[in-house]
J.: 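Okay, here's the structure, questions in a sec.
Whatever order the structure lists them in is the order used to number ligands and atoms, beginning at 1. What you are looking at is a predicted structure, and each value in this text was computed from that prediction instead of being measured. Side chains are part of it too, since the values below use all heavy atoms of this structure and drop only hydrogens, waters and symmetry mates.
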Amino acid sequence: MYETLEIELHKGVATVWMNRPEVHNAFNAQLIADLTAACRQLDADEAVRVVVLGGRGKSFSAGADLNWMKAAGQASEAENFADAMKLAGMLRALAEMDKPTIARVHGAALGGGMGLASACDICVAGEKAVFATSEVKFGIIPSAISPYVIRAIGERQAYRYFQTAERIAAARAAELGLAHEAVATEELDAKVAEIVDALLQGGPKAQAAAKALIRAVGNRPVSDAVVEDTARRISQLRATPEAAEGLTAFLDKRPAAWVPQA
Ligand SMILES: C/C=C/C(=O)SCCNC(=O)CCNC(=O)[C@H](O)C(C)(C)COP(=O)(O)OP(=O)(O)OC[C@H]1O[C@@H](n2cnc3c(N)ncnc32)[C@H](O)[C@@H]1OP(=O)(O)O
């Protein structure tokens with residue numbers, strides 16, 4: 001049980017709802033602690049195959065709670081550093097989950113909210129969703145979220161949006177690569193369900209390995225070391241029961257029966 005989250009579990013899919021609708025799911029210390037713990041708990045739960053992150057009420061998330069941020073103005077630099085590390089820890093716990101993650105974005109995804117959407121593997125936005133790195137408007141910067149946002153939109157776009165704080169509509173977010181899809185509001189849940197179904201067809205161990213592969217290879221130029229790294233990763237997987245099942249199922253013309261991973 002989490003004070004600021006609601007979690008629904010259904011057929012291997014955990015939907016995590018941020019639940020501070022009165023402030024558009026702005027995150028305070030409690031929500032940061034709750035979401036960090038929930039990511040770790042769900043990642044360790046063999047019954048969970050896919051994690052969807054959404055927001056109760058009108059928005060996905062309005063980012064850091066500005067009352068909490070303002071209170072930090074009275075705190076020492078060391079205390080603010082500790083706070084920033086907790087926020088970074090939440091994003092990292094989400095981004096480094098072995099399980100596939102989907103951000104289901106409606107309404108505002110501002111500041112840290114855009115960071116949460118960027119830290120998920122996949123982002124689906126309703127047509128009225130609005131993103132922005134609005135921090136400079138408050139005299140602060142998009143700090144902990146920056147690795148995820150820059151990865152999503154690229155350095156060139158980050159120069160613009162980090163400094164202008166312009167709002168990014170859902171369709172533009174899809175053009176930028178920040179959202180994988182922008183869909184009509186009434187189609188948001190169906191699109192998320194469609195992607196969840198596609199994810200459930202894949203082997204869980206292979207999906208975790210695919211995420212680790214992306215993290216390891218990323219933007220590195222092709223070199224002997226990178227080629228060998230990719231070869232090592234697939235050679236380790238080919239010997240697993242999961243790969244045996246996936247390959248056999250295809251050749252037997254039947255769906256693969258994935259088993260919980262040891
Ligand atoms: C390191 C990380 C940094 C960051 O993340 S910086 C924060 C970035 N966040 C933002 O830029 C969002 C700021 N909020 C807004 O722009 C607007 O709000 C919204 C677009 C989200 C919603 O606008 P509308 O529908 O007109 O509602 P409303 O009356 O402005 O908000 C309802 C209540 O929600 C509170 N609220 C909204 N965002 C935050 C927030 N980020 N932190 C704390 N409270 C927030 C408001 O103040 C208000 O409260 P009340 O009902 O008491 O007047």
J.: With a 4.0 Å cut-off, would you call Glu96 and Arg92 a salt bridge?
T.: yes
J.: Is it true that Arg254 and Glu245 make a salt bridge, defined as a side-chain N closer than 4.0 Å to a carboxylate O?
T.: yes
J.: Please determine, by modelled atom types, if Arg49 and Gln207 share a side-chain donor-acceptor pair under 3.5 angstrom.
T.: yes
J.: Please list, in number order, the atoms of ligand 1 under 4.0 Å from a heavy atom of Gly63.
T.: 5 (O)
J.: Show me which atoms of ligand 1 lie under 4.0 Å from any heavy atom of Gly112.
T.: 4 (C), 5 (O)
J.: Looking just at side-chain N and O atoms, do Ser59 and Asn25 make a donor-acceptor pair shorter than 3.5 Å?
T.: no
J.: Any sub-3.5 Å donor-acceptor pair from Asp34's side-chain atoms to Thr4's backbone N or O?
T.: yes
J.: Side chain, backbone, both or neither: which part of Trp68 has a heavy atom under 4.0 Å from ligand 1?
T.: neither
J.: Quick one: look at Glu22 and ligand 1, take heavy-atom pairs under 4.0 Å, and tell me if it's side chain, backbone, both or neither.
T.: backbone
J.: For atom 53 (O) of ligand 1, is there a protein heavy atom at a distance under 4.0 Å?
T.: no
J.: Can a protein heavy atom be found under 4.0 Å away from atom 5 (O) of ligand 1?
T.: yes
J.: Measuring to protein heavy atoms, does anything land under 4.0 Å from atom 31 (O) of ligand 1?
T.: yes
J.: Distance-only, no hydrogens or angles: does the Glu79 side chain make a donor-acceptor pair with backbone N or O of Ser76 under 3.5 Å?
T.: yes
J.: Out of curiosity, Thr101 OG1 to Lys211 NZ, how far, rounded to the nearest 0.5 Å?
T.: 4.5 Å
J.: Looking at atom 26 (O) of ligand 1, is any protein heavy atom nearer than 4.0 Å to it?
T.: no
J.: Quick one: which of Lys70, Glu135, Arg167 has a heavy atom closest to atom 3 (C) of ligand 1?
T.: Glu135
J.: Got a second to check how far Asn67's CG is from Met69's CE, nearest 0.5 Å?
T.: 11.5 Å
J.: Would you confirm whether any non-hydrogen atom of the protein falls under 4.0 Å from atom 47 (O) of ligand 1?
T.: no
J.: Answer yes or no: is there a side-chain heavy-atom contact under 4.5 Å between Met97 and Leu42?
T.: yes
J.: Can you report which non-hydrogen protein atom sits closest to atom 1 (C) of ligand 1, along with the distance?
T.: Leu87 CD1, 4.0 Å
J.: Could you check atom 2 (C) of ligand 1 against the protein and tell me its nearest heavy-atom contact, residue, atom and distance included?
T.: Ala64 CB, 3.6 Å
J.: Students should be able to answer this: which protein heavy-atom is nearest to atom 42 (N) of ligand 1, and at what distance?
T.: Leu66 N, 2.8 Å
J.: Among all protein non-hydrogen atoms, which one is nearest to atom 15 (C) of ligand 1, and what is the separation to 0.1 Å?
T.: Leu110 CD1, 4.2 Å
J.: Could you tell me the residue and atom name of the protein heavy atom closest to atom 9 (N) of ligand 1, and the distance to it rounded to 0.1 Å?
T.: Ala62 O, 2.7 Å
J.: In the protein, what heavy atom is nearest to atom 8 (C) of ligand 1, and what distance, to one decimal place, separates them?
T.: Ser134 OG, 3.3 Å
J.: Could an N or O of ligand 1 be found under 3.5 Å from any N or O of Met69, whether backbone or side chain?
T.: no
J.: When you compare the side chain of Leu176 with that of Phe131, does any pair of heavy atoms fall below 4.5 Å?
T.: no
J.: Is it the side chain (CB and beyond), the backbone, both or neither of Ala26 that lies under 4.0 Å from ligand 1, heavy atoms counted?
T.: side chain
J.: For atom 38 (N) of ligand 1, is the nearest protein heavy atom under 4.0 Å away?
T.: yes
J.: Mark yes or no for whether His106, through its side chain, and Glu127, through its backbone, hold a donor-acceptor pair below 3.5 Å.
T.: no
J.: Does any non-hydrogen side-chain atom of Tyr2 lie less than 4.5 Å from one of Ile7?
T.: yes
J.: Just to confirm my output: which protein heavy-atom neighbour is closest to atom 18 (O) of ligand 1, and how far is it?
T.: His24 CD2, 4.6 Å
